[in-house]
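Okay, so here's the structure we're looking at.
Being a predicted model, the structure only gives us computed values, none of them experimental. Just so it is clear, the values below take in all heavy atoms, side chains as well, and ignore hydrogens, waters and symmetry mates. In what follows, chains carry the letters A, B, and so on, assigned in the order in which the sequence lines appear, proteins first and then strands, with residues in each chain numbered from 1.
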Amino acid sequence: MGHGRIDLDGTAFDLQSTLESGQTYLWWRDDGEDYDSTYGGDDWYLTTTRATDDPGVIKVRQRNGALEYRSNVDAEPVLRRRLGLDDDLPAIRASVPNAEVIQDAYDEYWGMRIVREPAFGCVISFICSAQMRVSRIHGMQQSLREAFGTAIEFEGDSYHAYPTPEQLAVATEQQLRDLSLGYRAPYVQRTAEMVADGDDPTEATGLGYEAARELLTRYVGVGDKVADCVLLFSLGYLEAVPLDTWIRTAIEEYFPDCEQGNYTDTSRAIREQLGGEYAGYTQTYLFHYLRNDGPES
DNA sequence: CCCCAGGCACCTC
DNA sequence: GAGGTGCATGGG
């Protein structure tokens with residue numbers, strides 16, 4: 001409770017890369033700046049939690065080799081899980097292939113972790129991600145908070161929790177379209193309704209990887225790619241490799257033999273190519289590196 | 001004006 | 001199962 005400090009003990013950790021690399025849209029920066037602008041270490045990242053009946057607020061920043069946090073809930077275990085603090089990054093890197101582009105990506109953003117975000121918010125935000133830029137996906141989640149989330153006061157400031165399944169299930173398609181969700185509006189509404197009616201996305205946990213992915217695609221607006229994002233960024237399936245436009249371009253350019261003409265077989269091939277067990281880690285380093293440092297930028 | 005963005009549902013065959 | 005099409009919105 002209250003405020004605290006997690007000593008990183010010299011282990012590699014990069015809060016900005018972890019939270020601004022398009023893995024999660026459930027945090028924001030209290031300087032009001034758009035993501036991708038410089039992070040000096042003085043600004044807090046914020047998120048909300050529903051670990052109890054009342055929503056909580058967590059503020060965290062990285063300074064002087066530690067994570068400082070302030071919260072009205074028991075934040076440390078939540079941060080450890082959500083920020084992947086217990087992942088053995090050197091062991092993970094030891095499992096990846098020696099391709100130059102991969103090593104460059106790890107060098108450039110060393111310390112970035114894979115997040116494990118709350119499943120409902122992860123599902124909804126990646127439904128919103130279809131054919132959409134990172135900054136707008138993030139903006140949509142902020143709009144959903146303000147329109148439908150429970151207001152919270154913390155340390156004299158007012159915030160909105162991410163909406164619950166019940167709160168989004170009663171939204172109308174038109175209300176969601178008015179928030180610029182476009183054709184994703186009915187997907188969000190119908191999936192929220194499914195979850196509110198008891199269809200819990202965390203039920204996939206424990207299944208084999210491909211069975212878990214298949215199970216998640218029962219939600220409206222969730223295909224193979226979004227399901228992989230939920231497995232990787234919420235449910236802890238570090239082998240999941242979401243095949244998005246960026247990674248498909250990378251497959252063409254660097255691993256053309258992995259293109260198999262359909263999602264399942266291409267997924268198996270690239271997963272093997274990227275080291276198997278932790279392939280999703282490498283995918284996320286590649287995604288972040290190519291998007292920020294690729295030939296286009 | 002164009003093209004594109006962390007795709008998906010739905011329709012054919 | 002594979003292949004094509006429509007879909008909202010905003011930024012370059």
Side-chain angles (χ1 to χ4, degrees), chain A residues 17-27 34-37 105 109 112 114-115 117 121-144 171-194 210 213-235 237 240-253 259-268 270-271 274 279-297:
Chain A
S17 295
T18 300
L19 294 181
E20 299 193 17
S21 51
Q23 301 180 52
T24 173
Y25 304 97
L26 304 179
W27 296 72
D34 287 338
Y35 275 11
D36 298 329
S37 63
Y109 293 104
M112 182 175 73
I114 295 293
V115 297
E117 293 285 66
C122 185
V123 169
I124 295 299
S125 55
F126 277 97
I127 286 173
C128 292
S129 76
Q131 294 294 104
M132 197 49 61
R133 285 180 174 78
V134 165
S135 61
R136 285 202 58 213
I137 302 163
H138 187 249
M140 287 178 183
Q141 308 318 304
Q142 296 296 84
S143 300
L144 290 174
T172 64
E173 179 181 328
Q174 189 56 49
Q175 283 179 299
L176 296 173
R177 285 184 184 271
D178 291 344
L179 298 179
S180 296
L181 265 64
Y183 62 83
R184 305 155 197 80
Y187 302 164
V188 167
Q189 193 279 327
R190 292 175 61 189
T191 291
E193 208 162 49
M194 292 172 72
E210 289 187 348
R213 186 176 67 197
E214 174 64 23
L215 183 60
L216 287 173
T217 61
R218 71 190 185 281
Y219 296 111
V220 185
V222 178
D224 287 330
K225 187 269 169 185
V226 168
D228 267 331
C229 288
V230 174
L231 292 176
L232 181 58
F233 302 133
S234 177
L235 302 184
Y237 286 76
V241 177
L243 299 183
D244 58 70
T245 52
W246 287 91
I247 212 68
R248 285 180 181 279
T249 301
I251 288 173
E252 270 185 53
E253 189 163 347
E259 178 52 60
Q260 299 292 309
N262 65 77
Y263 195 99
T264 299
D265 293 334
T266 303
S267 169
R268 286 177 184 161
I270 192 67
R271 190 162 67 253
L274 296 184
Y281 243 100
T282 299
Q283 188 272 4
T284 302
Y285 270 91
L286 266 181
F287 173 83
H288 192 42
Y289 178 68
L290 294 174
R291 218 170 58 84
N292 287 299
D293 306 274
E296 299 298 320
S297 64

Please pick, from dG10(C), dC8(B), dC10(B), the nucleotide with the shortest atom-to-atom distance to any side-chain atom of Lys225(A). dC8(B)

Quick check for you: among dC8(B), dA2(C), dG10(C), whose closest atom lies nearest to any side-chain atom of Val226(A)? dC8(B)

Measure from the side-chain N and O atoms of Tyr289(A) to the backbone N and O of Tyr109(A), and report whether any donor-acceptor pair falls under 3.5 Å. no

From dC10(B), dA8(C), dC4(B), pick the nucleotide closest to the side chain of Tyr183(A)? dA8(C)

Separation of atom CG in Asn262(A) from atom P in dC8(B), rounded to whole Å: 15 Å

Per atom distances to the Ser180(A) side chain, the nearest of dG10(C), dC8(B), dA5(B) is dG10(C)

Give a yes or no on whether a salt bridge exists between Asp228(A) and Lys225(A), defined as a side-chain N under 4.0 angstrom from a carboxylate O. no

Which listed nucleotide (dA9(B), dA8(C), dA5(B)) is nearest to the side chain of Tyr187(A)? dA9(B)

Once you apply a heavy-atom cut-off of 4.0 Å, does Phe233(A) come out as touching a base, just sugar-phosphate, or nothing? base

Between dC11(B) and dA8(C), how many Å separate the two P atoms, rounded to a whole number? 15 Å

How long is the line joining CZ of Arg248(A) and C1' of dG7(B), in whole Å? 10 Å

Which whole number of Å gives the distance between the C1' atom of dC8(B) and that of dG11(C)? 22 Å

Using 30° and 60° as the class limits, which term best fits the ring planes of Tyr25(A) and His138(A): parallel, tilted or perpendicular? tilted

Whole angstrom is fine here: how far is it from CZ in Arg177(A) over to P in dC7(C)? 10 Å

Here the distance between atom P of dC8(B) and atom CD of Gln131(A), to the nearest Å, is 9 Å

Base, sugar-phosphate, or nothing: which does Gly22(A) touch, judged by heavy atoms less than 4.0 Å apart? base

Starting at CZ of Arg213(A) and ending at P of dC8(B), how long is that distance when rounded to a whole Å? 11 Å

Let's see if you can work this out: which of dA9(B), dG7(B), dT9(C) has an atom nearest to the side-chain heavy atoms of Met132(A)? dT9(C)

Distance alone, cut at 3.5 Å: any donor-acceptor contact between the side chains of Gln23(A) and Ser21(A)? yes

Can you check the Leu179(A) CG to dA8(C) C1' distance for me, whole Å? 13 Å

The nucleotide from dC10(B), dA8(C), dT9(C) with an atom nearest the side chain of Arg190(A) is dC10(B)

Rounded to the Å, how far apart are Met140(A) CE and dT9(C) P? 9 Å

With a 3.5 Å distance limit and no angle check, can you tell me whether Glu173(A) reaches the backbone of Gln189(A) through a side-chain donor-acceptor pair? no

Roughly how many Å is it from CZ in Arg133(A) to P in dT9(C), rounded to a whole number? 16 Å

Among the nucleotides dA5(B), dG10(C), dC8(B), which one has an atom lying closest to any side-chain atom of Arg136(A)? dG10(C)

So which one's nearest nucleotide on DNA chain B is more toward 5', Ser135(A) or Thr217(A)? Ser135(A)

Span that lies between the C1' atom of dG3(C) and that of dA5(B), in whole angstrom: 23 Å

Kindly assign one of parallel, tilted or perpendicular to the pair Trp246(A) and Phe287(A), based on the angle between their ring planes and the thresholds 30° and 60°. perpendicular

